[in-house]
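The block underneath contains the structure these notes are about, expressed in structure tokens.
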Amino acid sequence: MTTAHAGTGRTVTSDIPARLDRLPWSRWHWTIVFGLGTVWILDGLEVTVVGNIASRLSEPGSGLPITSGEVTGLAAALYVAGACSGALFWGRLTDKWGRKKLFMITLAVYLGATALTAIAFDTWWFFLFRFLTGFGIGGEYAAINSAIDELIPKEYRGRVDLMINGSFWLGAVGGSLLSIVALDTDIFAANVGWRLTFALGAVLALVILLVRRHVPESPRWLLIHGRDDEAERIVSSIERKVEEENGEPLPRPEGEITIHQRRSVSFLDIGRTVFSDYRRRAILGFSLFIGQAFLYNAITFGFGAILTTFYDVPSGSTGYYFAVIALGNFFGPLLLGKLFDTVGRRVMISGTYLLSGLLLFGTAWLFDQGTLSASTLTACWCAVLFFASAGASSAYLTVSEVFPMETRAMSIAFFYAIGTAAGGISGPLLFADLTGTGKVGDTVLAFQIGATLMCLAGLTAALLAVRAERRSLEDIATPLTAADDQTGSTGRGKEDGAYASGSGSGATGSRTATT
């Protein structure tokens, strides 16, 4: 690595991104996956548990003067509001202060808030800490996705990101089964079981916090923010561990990047970059998040009401059906993830969105014809969500890799907030009315709305998705701090061309089309 001095700060030429991208898969990478990825399990656990224990909380003797509607309505809305505001608040700080500092702080916020929810003695306390729990989880999405993409080699980035985002549904399975136990008054008193579910979330968060101590700061972030010596030490340490594990020297890195280091990027730069320089990618991100948000609400928001209303499934048994649906969601990203790195982003993102939308149209038709039972409807939902879950996970992957390094966390936060707000506020308001009427036609309409938006997002991806598979992040979107001679004039790789070389490792070279 060589360094020159410029009037506005140091100009550094480094091969650190290329060195990270050429690493073979190792035990060290599994540490990253477990240390950072398991937070999605907590989110799935949180969301599912609260929905399933609503009836217990509203019963006399629960210890809280609260109604079921307040749990699934106001408390759920506050959790969503907390997640949206937390994503935006922590996302900005993640780009400014670094990935590690923020993913430790946000997990600590979640841990404290969910533990304090467990000892709620009044509704205002419960509402307050549901908001703060969401506030911590929202920040996790920005910090974690940024760190994962910047630490995982380019050959594996797609499948790892999808698998981690899909692990939300393992938490959902756990939440469904846990709620069944928690609601059994033969095991726990009515005012104890629901508290233990939140306490368990806090214990799991503590375990994850201990594992995260061993996850380093992103060397890419350190390099851009003037801490290149620290970045060099971290990457050298990782390389030694991987070489010792494999018993052979690593291949030579190909390509370097030259950047003008600076401490921070203004909101004006972020806004101009995302919504002007990368307008088509912003449209893509918006479409993907809105599509998956409405499809999921079309199915999951009213699934319990649909099963109890049309198929006489006891309310205490809906958790079993949801556990099956959640498994379908988990296996989608797990089994399809590799194809996003091999077949490619554009084909797989558009394909999973379109397939899930078309399958939901088919499910709506079968439901309207009255040919489905509770079991076969659940099977149809599983098929839809197998593809939809991979597509939804790829939405997070997309917005985390197609914008420049300096805006990454804030971009993730912005699109996450949009999708979460649409799914958690607009979606329930629309689909609760449709699925709650008890009319077949209204439920069919709910399915068709979700399917339509998913198909539209798939068509958008077919036109606009970035071919980011097996490419360096610096290749996909040039850092704002990149030296002028690498990008033509501005140091900013725009949609019609981020700098690239034949190696795909972020070296200087000609501008090439990326969309």
Side-chain angles (χ1 to χ4, degrees), residues 8-9 11 17 87-88 91-92 94-96 142 145-146 149-150 154 157 218 220-221 223-225 257-290 345-346 349 394-419 457 460-461 463-469 471-501 504-515:
T8 56
T11 300
L88 295 171
R92 172 59 175 157
T94 299
D95 280 332
K96 188 175 182 180
N145 270 311
S146 299
D149 280 1
E150 290 163 14
K154 62 184 180 182
R157 188 174 62 240
S218 164
R220 284 178 157 103
W221 184 89
L223 178 65
I224 283 177
H225 288 79
I257 181 172
T258 300
I259 62 168
H260 296 307
Q261 294 178 327
R262 56 177 168 173
R263 293 292 181 183
S264 63
V265 178
S266 69
F267 270 120
L268 181 62
D269 281 339
I270 293 173
R272 182 174 59 244
T273 300
V274 174
F275 300 110
S276 178
D277 296 345
Y278 289 92
R279 187 181 302 111
R280 293 169 63 195
R281 298 183 185 189
I283 293 171
L284 172 66
F286 179 80
S287 301
L288 296 181
F289 270 88
I290 294 299
R345 304 284 201 267
R346 181 170 292 181
I349 295 173
S394 72
Y396 290 94
L397 168 66
T398 297
V399 299
S400 67
E401 68 181 359
V402 301
F403 296 106
M405 164 80 193
E406 298 86 344
T407 70
R408 180 163 294 121
M410 197 63 202
S411 298
I412 297 167
F414 176 77
F415 290 104
Y416 168 77
I418 287 178
T460 302
L463 295 172
L464 301 181
V466 180
R467 293 187 175 93
E469 60 275 6
R471 292 177 62 192
S472 169
L473 294 171
E474 292 75 20
D475 224 0
I476 300 166
T478 309
L480 304 185
T481 47
D484 292 349
D485 59 359
Q486 295 185 134
T487 59
S489 61
T490 64
R492 181 179 293 124
K494 302 191 175 137
E495 287 187 291
D496 59 351
Y499 74 89
S501 70
S505 60
T508 55
S510 61
R511 296 166 65 86
T512 58
T514 58
T515 60

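Note that OG1 of T407 and CZ of R92 are 10.5 Å apart. Values are rounded to the nearest 0.5 Å. Once rounded to the nearest 0.5 Å, the distance linking CD1 of I349 with OG1 of T460 reads 12.0 Å. Atom CD of residue E401 and atom CD of residue E469 lie 8.5 Å apart, to the nearest 0.5 angstrom. Atoms OG1 and NE2, on T481 and H260 in that order, are 9.0 Å from each other to the nearest 0.5 Å. Remark: R346 CZ to L464 CG distance equals 7.5 Å, nearest 0.5 Å. Taking CZ from R220 and OG from S146, the interatomic distance works out to 12.0 Å, rounded to the nearest 0.5 Å.
Residue A142 comes nearest to T94 through the heavy atom pair O-CG2, 4.5 Å, listed as atom of the first residue, atom of the second, then distance. In terms of heavy-atom proximity, P479 sits nearest to I224 at CB-CD1, 4.1 Å. Minimum heavy-atom separation, L288 to A395: CB-CB, 3.8 Å. Considering every non-hydrogen atom in both D95 and M410, the closest pair reads OD2-N, 2.9 Å. When all heavy atoms of A409 and G91 are compared, the pair lying nearest together is CB-O, 3.5 Å. The nearest pair of heavy atoms linking W221 to K96 is CZ2-O, 3.3 Å.
Judged by distance alone, with hydrogens and angles left aside, the side-chain atoms of R345 form no donor-acceptor pair with the main-chain N or O of L397 at under 3.5 Å. With R157 contributing its side chain and R471 its backbone, the two residues share a donor-acceptor pair below 3.5 Å. Not one N or O on the side chain of N145 forms a donor-acceptor pair closer than 3.5 Å with the backbone of S400.
V466 has its side chain within reach of R281: a pair of non-hydrogen atoms, C-beta onward, lies under 4.5 Å apart. With a 4.5 Å cut-off on side-chain heavy atoms, V402 and S411 do not count as touching. At a threshold of 4.5 Å between non-hydrogen side-chain atoms, the residues V399 and R408 do not count as touching.
Using the six-membered ring where Trp is involved, F415 and F289 have ring planes that are parallel, under 30° apart on the 30 and 60° scheme.
Checked options I290, L284, I283; the residue passing with S287 is I283 (criterion: side chain to side chain contact (heavy atoms under 4.5 Å, CB included)).
Taking the six-membered ring for Trp and the full ring otherwise, F414 and F403 have centroids separated by 6.0 Å or more.
T398 meets the side chain to side chain donor-acceptor pair (under 3.5 Å) test with no other residue; sequence neighbours excluded.
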